[in-house]
Amino acid sequence: MEDKIAKIKEGTVEVIDENELKEILAKDKPIAYTGYEPSGKIHLGHAITIMKLKQLESLGFKIKILLADYHAFLNGKGTVEEIAETAEYNKKCFKALGLIENTEYILGSEFQTKGEYTNNVYQLATLTTLKRARRSMDMVSREDENPKVASTIYPLMQTADMAALECDIALGGLEQRKIQMLAREGLPKLGLKAPVCIHTPLLHGLDGDDKMSSSKGNFIAVDDSEEDIKTKIKQSYCPKGEIEGNPLIEIAEHFVYPFEDKLIIERPEKFGGNLELSKEELLKIYSEGNLHPMDLKNAITNYMIEFLRPVRKYMNK
RNA sequence: CCCGCCUUAGCUCAAUUUGGCAGAGCGUUGGACUGUAGAUCCAAAUGUUGCUGGUUCAAGUCCGGCAGGCGGGACCA
């Protein structure tokens, strides 16, 4: 039990609430869900949550992935038809990342117009202030000079989703935090049980921006070609000696060390020869300025090309 | 339904009272400097001026219509 909790917490920012998590772990087949707005590219940021879902699956959870087509529509991401296509593509990406057999993929529009669901949304609408709803969308909403009513319906629907999907855990990136907290507050008011909310950290963009995001093009997509991975990493922001906000250090933390004890760094003799670094060693040597950024970049490039090889393979078949 | 205002490069905005070759900053791209990127320096690219009709030798600029947006008013039997 304690062991499971430690595993679940690993690589997350917060679990709200840990005591409730214990109760959930006692259940027979608890349900964990994450919702994704269909997106043109599935990138490493998405992959962090997918990997966490995989882990939850291995710990006995049933996984539900919401392909949130209506949410994307409300967020101005395109026409319903375009979004439906993107959703199919995303589903394939998620499968390529390993969520194949025991994962239930659910299209939002399949249930988000039903009576009980919309009733919950209307109930929540009477309980939620405009400001609170808008504020919850700060990190999620597409920036819009003229914000639409849609952006305030969005968090209410996300709350209703949790009830409809009967989830015990709602997993999401940290940008979801305010919506999730709104949900934890709102659901009990409807006499419903709020899920445990788990938030994963946000990856910095390759350009050093606060957030890796498909709209900014500062990401590595899970199905990027080897060439794309190379050039993207080569052009990445990577200040010497700095660990904080360094996207390549973050990639190492989230994509290398959960799976490998050592990161292999190959470099010519004139630069000191090859190295194999544990996480602690990497952080130490890099922050001391004793590992050249280019060596780190080359190592991460080689690693990520291999890491994502099965994904590319799956996507191409 | 009525009135007023707004719409110019990817973004923020210029374009002299009184029509005269559509510009800047940021961003983007390319080079220089670095064993990476960034910073810095140098260079370059980018426009159906919301759409549409008209006046004029000449319209971003003046007139009409339309669309979208913002603000207000009216209606509240």
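At a threshold of 4.5 Å between non-hydrogen side-chain atoms, the residues T113(A) and Y70(A) count as touching.
Atom CG in D207(A) sits about 13 Å away from atom C1' in U28(B), given to the nearest Å. When the C1' atom of G38(B) is taken as reference, atom CD1 of I249(A) falls 16 Å away, rounded to whole Å. As a whole-Å value, the separation of D209(A) CG from G38(B) P is 14 Å. The distance from atom CD1 of I265(A) to atom P of G35(B) is 19 Å, rounded to the nearest whole Å. In this structure, R267(A) places its CZ atom 12 Å from C1' of G35(B), rounding to the nearest Å. With rounding to whole Å, R142(A) atom CZ is found 13 Å from C11(B) atom P. Nucleotide G38(B) holds its C1' atom 14 Å from the NZ atom of K240(A), rounded to whole Å. In this entry the distance linking NZ of K216(A) with P of C11(B) reads 16 Å, nearest Å.
The gap from the P atom of G68(B) to that of A58(B) amounts to 32 Å, rounded to the nearest Å. For C66(B) and C11(B), the P atoms lie 27 Å apart once the distance is rounded to whole Å. The same atom, C1', is picked in C63(B) and in G23(B); the two are 27 Å apart, to the nearest Å. For the C1' atom pair drawn from G60(B) and G71(B), the interatomic distance equals 24 Å after rounding to whole Å. With both ends at atom P, the span from A59(B) to C3(B) equals 30 Å, rounded to whole Å. Here, C1(B) and C13(B) have their C1' atoms 35 Å apart, quoted to the whole Å. Annotation: G10(B) and U48(B) have their P atoms spaced 7 Å apart (nearest Å). For the C1' atoms, the distance from U49(B) to G19(B) is 15 Å, rounded to whole Å.
Taking CG of L206(A) as the start and NZ of K234(A) as the end, the distance is 14.5 Å to the nearest 0.5 Å.
Which of U36(B), G35(B), C70(B) sits closest to the side chain of F271(A) comes down to G35(B).
Looking only at atom types and distance, the side chain of S141(A) has no donor-acceptor partner in the side chain of S151(A) under 3.5 Å away. Between the side chains of Q158(A) and Q176(A), at least one donor N or O lies within less than 3.5 Å of an accepting N or O. In this structure, a donor-acceptor pair under 3.5 Å is absent between the side chains of H71(A) and E37(A).
A donor-acceptor pair is defined here as one N or O able to donate and one able to accept, closer than 3.5 Å; no such pair exists between the side chain of Y154(A) and the backbone of I179(A). When atom types are taken as modelled, the side chain of N274(A) and the backbone of R267(A) share a donor-acceptor pair closer than 3.5 angstrom.
Here D295(A) lies in heavy-atom contact (under 4.0 Å) with a base. Contact annotation for K270(A): no contact, since no heavy-atom pair falls under 4.0 Å across all strands. As judged by a 4.0 angstrom heavy-atom cut-off over every strand, K297(A) is placed among the base-contacting residues.
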* To do: Give the C-alpha distance, both sets of side-chain angles, the deciding distance and a yes or no for salt bridge (charged side-chain N to carboxylate O under 4.0 Å, His left out) between R309(A) and E306(A).
  => CA-CA 5 Å; R309(A) 187 178 297 283; E306(A) 292 313 313; 2.8 Å; yes

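Stacking annotation: Y237(A) is not stacked on the base of G38(B) (requires ring centroids less than 5.5 angstrom apart and an interplanar angle below 30 degrees).
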* Based on Watson-Crick and G-U pairs with both distances under 3.5 Å, what dot-bracket line describes RNA chain B 5' to 3', crossing pairs as [ ] and inter-strand pairs as |? -> (((((((..((((......[..)))).(((((.......))))).....(((((..]....))))))))))))....

